[in-house]
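Note that ligands are numbered from 1 as they come in the structure, with each ligand's atoms numbered from 1 the same way. In this text, all values refer to a predicted model and were calculated from it rather than measured experimentally.
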Amino acid sequence: MYVSPPGTRKAFPSREHRGRVLALGIEGTAHTVGVGIVDDSCRILANLFDMVKPEKGGIHPREAANHHAEVIAPMIRDAAGAAGVRLRDLDLVAFSMGPGLGPCLRTVATAARALALALDVPLLGVNHCVAHLEIGRGMTRCEDPVLLYVSGGNTQVIAFARERFRVFGETLDIGIGNMLDKFAREAGLPFPGGPILEKLARTGSTLLPLPYSVKGMDVAFSGMLTAALNLQRNGAALGDLAFSIQETAFAMLTEVTERAMAHTGKEEVLLGGGVARNGRLQEMVGRMAEDRGARMFVPPGDLCVDNGAMIAWTGLLMHKAGVHMSLKETIVDQRFRTDEVTVEWR
Ligand code: ATP
Ligand code: FE2
């Protein structure tokens with residue numbers, strides 16, 4: 001059930017935004033609906049979230065979509081309230097066009113189209129993975145990073161090369177966050193498991209053997225999940241397991257990120273996605289960057305996870321670069337690849 005956060009119902013919005021470009025972005029590729037409003041200096045005026053939490057098992061795409069449909073309209077109103085702007089002051093509406101779960105994407109696209117039509121402003125469909133990178137650049141002022149994008153469903157190493165964002169490495173099976181969440185669920189811990197395992201890992205000290213699967217710049221995690229669950233059934237302590245999963249999985253991620261940096265010659269590394277909030281991952285990637293004489297950038301936690309502000313900001317960059325989309329061009333794409341995006345704003 002969605003409840004308006006305090007402070008989102010301001011009766012008299014200020015007009016201080018005059019002269020600025022204002023974008024509203026809607027994210028909803030998976031379990032989170034995010035509505036964000038940003039201006040053209042990447043000031044985050046509002047960034048609201050509502051997440052569907054499955055009682056048991058994983059997310060059901062239809063159920064998640066129903067949840068999104070219920071909360072989107074009040075969240076849009078509240079985002080405007082939190083930002084202190086009127087909806088009619090918005091210059092454009094952006095939404096996440098993919099990759100993601102079909103029913104969720106279609107729900108968000110429908111809401112975005114309705115809003116853009118009602119306000120008579122341009123509508124822009126944004127690639128979710130590219131948005132993680134662009135909000136990181138906007139917030140941290142890094143220029144041309146290798147992005148380690150680590151979330152529930154996605155694990156990718158992305159960088160800009162030859163006019164496009166290219167995926168240099170990715171998971172060959174499940175996302176790192178899914179692996180953490182699935183292990184936690186089987187071990188009887190609530191969702192999302194990642195942050196709980198991070199705390200538990202601090203109580204562990206014995207490094208248990210787990211498969212280390214790196215192929216070039218790709219990684220795989222399902223073997224690690226199976227092995228960790230077997231160890232757990234055989235009585236291994238949860239703290240040691242959490243510690244070992246983090247050390248092994250994060251070492252794999254650090255290794256492939258370093259390889260991509262060496263390959264592309266880039267001297268910045270940016271973290272994004274929910275798992276980027278993990279302190280141990282930040283420590284390991286930060287250390288690798290330091291050893292190479294490179295720099296690591298981590299956006300604030302609310303902008304690492306799936307959020308509406310990143311969609312608004314990427315939409316705004318596209319808009320300022322003159323990108324237009326007809327209604328036809330805003331059809332959602334469950335498998336929208338990072339390197340399919342024509343990058344006209346760089
Ligand atoms: P995407 O649609 O991009 O795949 P997602 O829907 O999984 O993403 P995010 O909000 O980016 O959403 O990330 C959620 C994931 O981040 C969950 O798997 C969660 O367990 C994980 N996570 C959040 N905080 C931490 C943490 N401190 N340590 C490890 N994992 C974390
Ligand atoms: Fe994401």
Side-chain angles (χ1 to χ4, degrees), residues 25-34 36 47-54 58-61 64-65 67-68 95-102 104-105 108 126-136 147-156 158 167 170-171 173-187 189-202 221 225 242-243 245-250 253 270-285 298-311 314 332 334-338:
I26 314 177
E27 156 60 32
T29 52
H31 49 55
T32 301
V33 177
N47 198 24
L48 304 185
F49 299 86
D50 198 68
M51 186 192 195
V52 57
K53 288 198 181 186
I59 336 171
H60 190 287
H67 158 268
H68 294 6
F95 73 101
S96 49
M97 209 164 81
L101 306 172
C104 299
L105 293 172
V108 167
V126 171
N127 178 290
H128 176 93
C129 307
V130 168
H132 274 291
L133 190 141
E134 286 302 356
I135 194 66
L147 169 73
L148 174 60
Y149 169 32
V150 277
S151 66
N154 292 293
T155 300
Q156 297 185 334
I158 302 171
V167 178
E170 63 191 316
T171 178
D173 46 38
I174 54 174
I176 170 81
N178 273 346
M179 190 267 284
L180 299 172
D181 294 341
K182 279 188 181 160
F183 174 79
R185 190 174 77 213
E186 296 292 320
L189 301 168
F191 178 84
I196 303 172
L197 292 179
E198 179 176 17
K199 282 200 195 93
L200 271 171
R202 291 193 207 113
F221 293 114
L225 175 62
F243 171 73
I245 291 172
Q246 285 204 166
E247 292 304 303
T248 314
F250 296 169
L253 293 170
L270 173 68
L271 298 187
V275 184
R277 299 173 90 151
N278 188 289
R280 180 62 183 140
L281 178 67
Q282 293 177 10
E283 200 172 81
M284 287 167 80
V285 175
V298 188
D302 277 2
L303 298 168
C304 279
V305 297
D306 287 355
N307 66 88
M310 72 179 187
I311 303 298
T314 310
V332 302
Q334 292 185 55
R335 282 177 242 290
F336 193 3
R337 289 206 44 104
T338 306

Which residue supplies the protein heavy atom nearest to [atom], what is that atom called, and how far is it?
atom                    : value
atom 28 (N) of ligand 1 : Asn278 ND2, 3.0 Å
atom 15 (C) of ligand 1 : Gly152 N, 3.8 Å
atom 17 (C) of ligand 1 : Asp181 OD2, 3.4 Å
atom 2 (O) of ligand 1  : Asp306 OD2, 3.0 Å
atom 27 (N) of ligand 1 : Glu198 OE1, 2.8 Å
atom 30 (N) of ligand 1 : Gly194 CA, 3.3 Å
atom 1 (P) of ligand 1  : Ser151 OG, 3.2 Å
atom 23 (C) of ligand 1 : Gly274 O, 3.4 Å

Residue part near ligand 1, for Ala30, under 4.0 Å between non-hydrogen atoms: side chain

The Fe ion (ligand 2) reached by Cys129 (N, O or S, under 2.8 Å): no

Any N, O or S atom of Tyr149 closer than 2.8 Å to the Fe ion (ligand 2): yes

The Fe ion (ligand 2) - name of the N/O/S atom of Asp306 that sits closest to it: OD1

Closest approach to the Fe ion (ligand 2) by His132, given as the N, O or S atom name: NE2

Asn154 and His132: side chain donor to acceptor below 3.5 Å: no

Side-chain donor-acceptor pair present, His128, Asp306, cut-off under 3.5 Å: yes

Residue Gly177 vicinity, atoms of ligand 1 by number, heavy atom under 4.0 Å: 18 (O)

Matching residue for Leu180 among Val150, Ile245, Ile196 - test: side-chain contact (heavy atoms from CB on, under 4.5 Å): Ile245

Ser151 side chain vs Gly274 backbone, donor-acceptor pair below 3.5 Å: no

Ligand 1 N/O within reach of Gly153 N/O, cut-off under 3.5 Å: yes

Within-cut-off N or O pair, Thr32 and ligand 1, under 3.5 Å: no

Salt-bridge criterion met for Glu198 and Arg277 (N-O under 4.0 Å): no

